[in-house]
Amino acid sequence: MHDFLETEPALALGLASVLAIWLVGVGSDVWRRARGRKPQTRSPWWHWVVTVVMLWSLAAISVWAWSASGRPVITLGFELGQGWQNWVAWALAIGFLAPQILQLVAINRSDDMKAQVRALVFESRDYDTVMPRRRADVWGYQIVAVTAGITEEIVFRAFLISVFALWMPVWPAAGLALVLFLTAHAYQGVSGIVRILPVSVVLTLCYVLSGSLWPGIVLHVAVDVLSGVMVWLVLPRAGMIELPDRAPDAQPVG
């Protein structure tokens, strides 16, 4: 670590900044959940603005640190990728995305599935506070979705894996970055982290296999945007969905 601080001061500063912001965010989420979060009375626009600013700031810090260390920014993963491993990464991304689209079509056609999704999203103890509660606000959520799809891949895949790989083999580095990514979503609760685990693993594989951000960015943006479309489908056409003060655990869609 001491050698790293001496030889890579820019990367050390960038990593320390990213981890400090990550720690503050996770600590805040855990503290709020331990105190017993109450449902919001308004749409979370302020939360969205803060989230967008924070994510782009983290991405900017990551890109700056990589560039300031003397490495071309494109080598952080902005290349398109080549070879069979790149095609495997794209196949993983498309293969994971296809069932998500089919499920969305099925939800749109079934009132029963809409009711199950509505309960899962809005009545669970692990209610996601970034979700909109009225249709008119979904477009704001989609801005967050696109932002997260781009910036989280830059920070948690490209930057963290690349920096950790300076100390350890790439797969342990990828595993450590994956743990940090999952805990960054502590605001979703345990069930939320379990739900995003499969796509998180696929996103990690896409980057490690291809060395490119693009398969992961396309998949991440698409999954998050589709979640916004799904929420739009289950929200009431007028008014705001009400949240119970003490909601029972919801059952997963099946």
Side-chain angles (χ1 to χ4, degrees), residues 10-66 76-77 121 124-133 137 140-164 173-201 203-204 207 213 216-217 220-221 223-225 227-228 231 243:
L11 286 182
L13 178 59
L15 179 61
S17 300
V18 168
L19 292 180
I21 296 172
W22 166 84
L23 184 61
V24 170
V26 173
S28 174
D29 291 334
V30 171
W31 181 74
R32 287 190 301 110
R33 294 187 66 82
R35 291 181 64 231
R37 180 182 56 210
K38 294 181 179 180
Q40 298 182 144
T41 58
R42 292 174 290 181
S43 296
W45 275 97
W46 175 245
H47 193 133
W48 292 340
V49 171
V50 171
T51 298
V52 168
V53 171
M54 180 190 68
L55 287 175
W56 280 114
S57 297
L58 285 169
I61 291 170
S62 300
V63 171
W64 168 84
W66 191 256
L76 197 56
V121 174
S124 170
R125 294 185 189 277
D126 289 332
Y127 168 68
D128 185 344
T129 56
V130 304
M131 286 293 181
R133 290 174 52 202
D137 292 330
Y141 173 82
Q142 299 293 39
I143 294 175
V144 180
V146 174
T147 292
I150 298 171
T151 59
E152 288 181 351
E153 291 308 299
I154 294 172
V155 176
F156 289 97
R157 245 64 66 179
F159 181 67
L160 289 183
I161 292 176
S162 297
V163 174
F164 291 153
L176 178 56
L178 175 61
V179 170
L180 294 176
F181 176 75
L182 291 171
T183 52
H185 293 75
Y187 64 88
Q188 297 185 19
V190 175
S191 65
I193 291 175
V194 170
R195 282 198 302 272
I196 69 170
L197 177 60
V199 69
S200 302
V201 171
L203 290 169
T204 301
Y207 180 75
L213 282 164
I217 285 177
H220 199 153
V221 169
V223 167
D224 286 0
V225 167
S227 73
V231 171
L243 299 178

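Between Y141 and V231 the shortest side-chain heavy-atom distance does not fall below 4.5 Å. Side-chain contact between L176 and I161 is absent, with no heavy-atom pair separated by less than 4.5 Å. Counting heavy atoms from C-beta outward, L19 and L180 have side chains that approach closer than 4.5 Å. In this structure, the side chains of I150 and W56 come closer than 4.5 Å at one or more pairs of heavy atoms. In this structure the side chain of W22 never reaches within 4.5 angstrom of the side chain of L58, judged on heavy atoms.
Listed by chain and residue number, L13, I61 satisfy the side chain to side chain contact (heavy atoms under 4.5 Å, CB included) test with S17 (two or more places apart in sequence, or in another chain). The side chain to side chain contact (heavy atoms under 4.5 Å, CB included) search around V201 returns L178, L197, L205, not counting sequence neighbours. With sequence neighbours left out, the side chain to side chain contact (heavy atoms under 4.5 Å, CB included) criterion links L23 to no other residue.
In plain terms, the two heavy atoms of V52 and V144 that are nearest each other are CG2-CG2, 4.0 Å. Residues D137 and W48 share a closest heavy-atom pair of O-CH2, 3.2 Å. Counting all heavy atoms, side chain and backbone alike, G149 lies closest to V221 at CA-CG2, 3.6 Å. Looking at every heavy atom in both residues, F164 comes nearest to A173 through CB-CB, 3.5 Å. In terms of heavy-atom proximity, G77 sits nearest to Y207 at CA-CE1, 4.2 Å. Scanning both residues, V225 and A145, for their nearest heavy atoms gives N-CB, 3.9 Å.
Annotation: the span from H47 atom NE2 to M131 atom CE amounts to 11.5 Å, rounded to 0.5 Å. Interatomic distance, L213 CG to R157 CZ, rounded to the nearest 0.5 Å: 9.5 Å. The structure places CG of L11 at 5.5 Å from CZ of F159, a figure rounded to the nearest 0.5 Å. Here the straight-line distance linking atom CE of M54 with atom OG1 of T147 works out to 11.0 Å at 0.5 Å rounding. Here the OG1 atom belonging to T204 is positioned 7.5 Å from the CD atom belonging to E153, to the nearest 0.5 angstrom. Of the inter-residue distances, the one linking I196 atom CD1 with H220 atom NE2 reads 8.0 Å to the nearest 0.5 angstrom.
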Give the intermediate values and the outcome of side-chain contact (heavy atoms from CB on, under 4.5 Å) for residues F156 and S200. CA-CA 10 Å; F156 289 97; S200 302; over 6 Å; no

